[in-house]
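Along the sequence shown, residues are numbered consecutively beginning with 1.
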Amino acid sequence: MSNTAETTLPYEECRGVLRVYSDGSIVRSPKPSFDVPVHDDGSVAWKDVVFDHTNQLHLRLYKPAAAKSKLPIFYYIHGGGFCIGSRAWPNCQNYCFQLALSLQAVIVSPDYRLAPEHRLPAAIDDGFTAVKWLQAQAVSEEPDTWLTDVADFGNVFISGDSAGGNIAHNLAVQIGAGSPELAPVRVKGYVFLAPFFGGTILSNSEAEGPKEAFLNWELIDRFWRLSIPIGENTDHPLVNPFGPYSRSLEEVPFDPILVVVGGSDLLKDRAEDYAKRLKGWGNKIEYVEFEGKQHGFFTIDPNSEAAKELMLIVKRFITENSS
């Protein structure tokens with residue numbers, strides 16, 4: 001990722017794939033942060049589709065290769081602090097293979113514009129565009145039968161990992177309970193996997209989290225500084241759902257939500273507070289904490305017992321909230 005004109009300048013780095021230099025120049029590596037083998041054994045069919053021609057954004061579709069009946073649709077929005085990540089990174093692809101087989105679902109894994117080139121709300125806007133793409137498929141007179149032959153458009157779940165979990169939350173607020181403006185698409189629930197929320201007042205888990213954590217405070221702070229709008233702070237409404245400038249969520253009805261976090265994740269306290277508040281306001285919220293687990297435990301080691309348990313929890317959540 002070298003650039004001879006810039007290597008003498010100070011820079012900030014994110015997971016070895018993004019450097020932002022002091023003069024504002026940006027260098028991205030074409031390599032993923034998690035360079036692991038792709039485990040594609042043919043049991044899951046997949047393909048890429050452009051969902052936003054203006055911004056040249058793609059999504060990756062997955063389905064069990066043997067699928068013959070209608071399956072629920074499960075969005076998986078990748079993480080990366082709004083600054084890094086891709087549907088094409090091998091850790092993301094491997095997890096989507098597992099999701100498709102374990103959940104017996106059609107998986108939709110969209111990309112979105114990344115900061116600092118595209119600061120918030122770009123990623124939120126792109127997430128909504130990816131959902132509107134599904135609606136367009138559902139009503140198309142010339143549908144893509146690869147998708148429509150097996151997709152149950154009335155049984156959609158939107159999940160997100162870390163920054164993707166933040167996107168999923170903001171989509172839940174924007175779309176609203178019952179998803180009336182997406183008909184015939186019907187969102188039945190949301191899954192937030194260690195959602196990336198923030199605020200100017202640090203939570204205990206943020207303030208006391210170990211420096212050696214996979215997602216430590218230094219990196220959390222860097223991601224926010226690179227992704228929030230210039231001149232704003234982490235009480236921005238898209239960052240802090242309960243901040244001083246945020247819309248009150250007390251009167252907002254939500255579809256069912258599953259919130260999952262690792263017990264040793266610096267984001268734990270915010271995820272737990274989010275779940276408690278929404279549940280206290282009468283929403284159907286399930287909160288699951290995996291004791292001792294770090295941020296991203298389920299994609300870092302997708303074959304671990306905790307990751308397998310999480311998959312069963314997600315599958316049960318889908319079954320309980322499906323048509």
Counting only N and O atoms by type, is there a donor-acceptor contact under 3.5 Å from the side chain of [X] to the main-chain atoms of [Y]?
X: R186; Y: F153; value: no
X: D301; Y: F297; value: no
X: N283; Y: L278; value: yes
X: T148; Y: D144; value: yes
X: N216; Y: K211; value: yes
X: D255; Y: K188; value: no
X: Y75; Y: A130; value: yes
X: S322; Y: I318; value: yes

Taking the six-membered ring for Trp, are [X] and [Y] parallel (under 30°), tilted (30 to 60°) or perpendicular (over 60°)?
X: F82; Y: F196; value: tilted
X: Y62; Y: F97; value: perpendicular
X: H169; Y: F197; value: perpendicular
X: F157; Y: F317; value: perpendicular

Legend entry - side chain to side chain contact (heavy atoms under 4.5 Å, CB included) involving E212 - partner list, sequence neighbours excluded: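 So E212 forms a side chain to side chain contact (heavy atoms under 4.5 Å, CB included) with P210.
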
Inset, instruction - Check side chain to side chain contact (heavy atoms under 4.5 Å, CB included) between S33 and all other residues, then give those that pass, not counting sequence neighbours. - result: R15, V17, I84, W89

Cut-off 3.5 Å, side chains only: do [X] and [Y] have a donor facing an acceptor?
X: T200; Y: D235; value: yes
X: K284; Y: N321; value: yes
X: T299; Y: N91; value: no
X: Q93; Y: Y95; value: no

Under-4.0 Å salt bridge between [X] and [Y]:
X: E117; Y: R28; answer: yes
X: R277; Y: E250; answer: no
X: R87; Y: D48; answer: yes

Legend entry - Rounded distance [0.5 Å steps], OG in S203 versus CD in E272: 10.5 Å

Legend entry - L258 vs I313 side-chain heavy atoms within contact, under 4.5 Å: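 The answer is yes; the side chains approach within 4.5 Å.
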
Inset, instruction - Answer yes or no: is there a side-chain heavy-atom contact under 4.5 Å between L193 and V261? - result: no

Does atom [atom1] of [X] have more than 12 heavy-atom neighbours, drawn from other residues, nucleotides or ligands, at distances under 6.0 Å?
X: K47; atom1: NZ; result: yes
X: K315; atom1: NZ; result: yes
X: K31; atom1: NZ; result: no
X: E181; atom1: CD; result: no

Inset, instruction - Would you please indicate yes or no on a ring centroid separation below 6.0 angstrom for F192 and Y274? - result: yes

Inset, instruction - Measure from the ring center of H78 to the ring center of Y112 and say whether it is less than 6.0 Å. - result: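 Ring centres of Y112 and H78 closer than 6.0 Å.
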
Inset, instruction - Tell me whether the guanidinium CZ or amine NZ of K63 lies under 6.0 angstrom from the six-membered ring centre of W46 and within 45° of its axis. - result: no

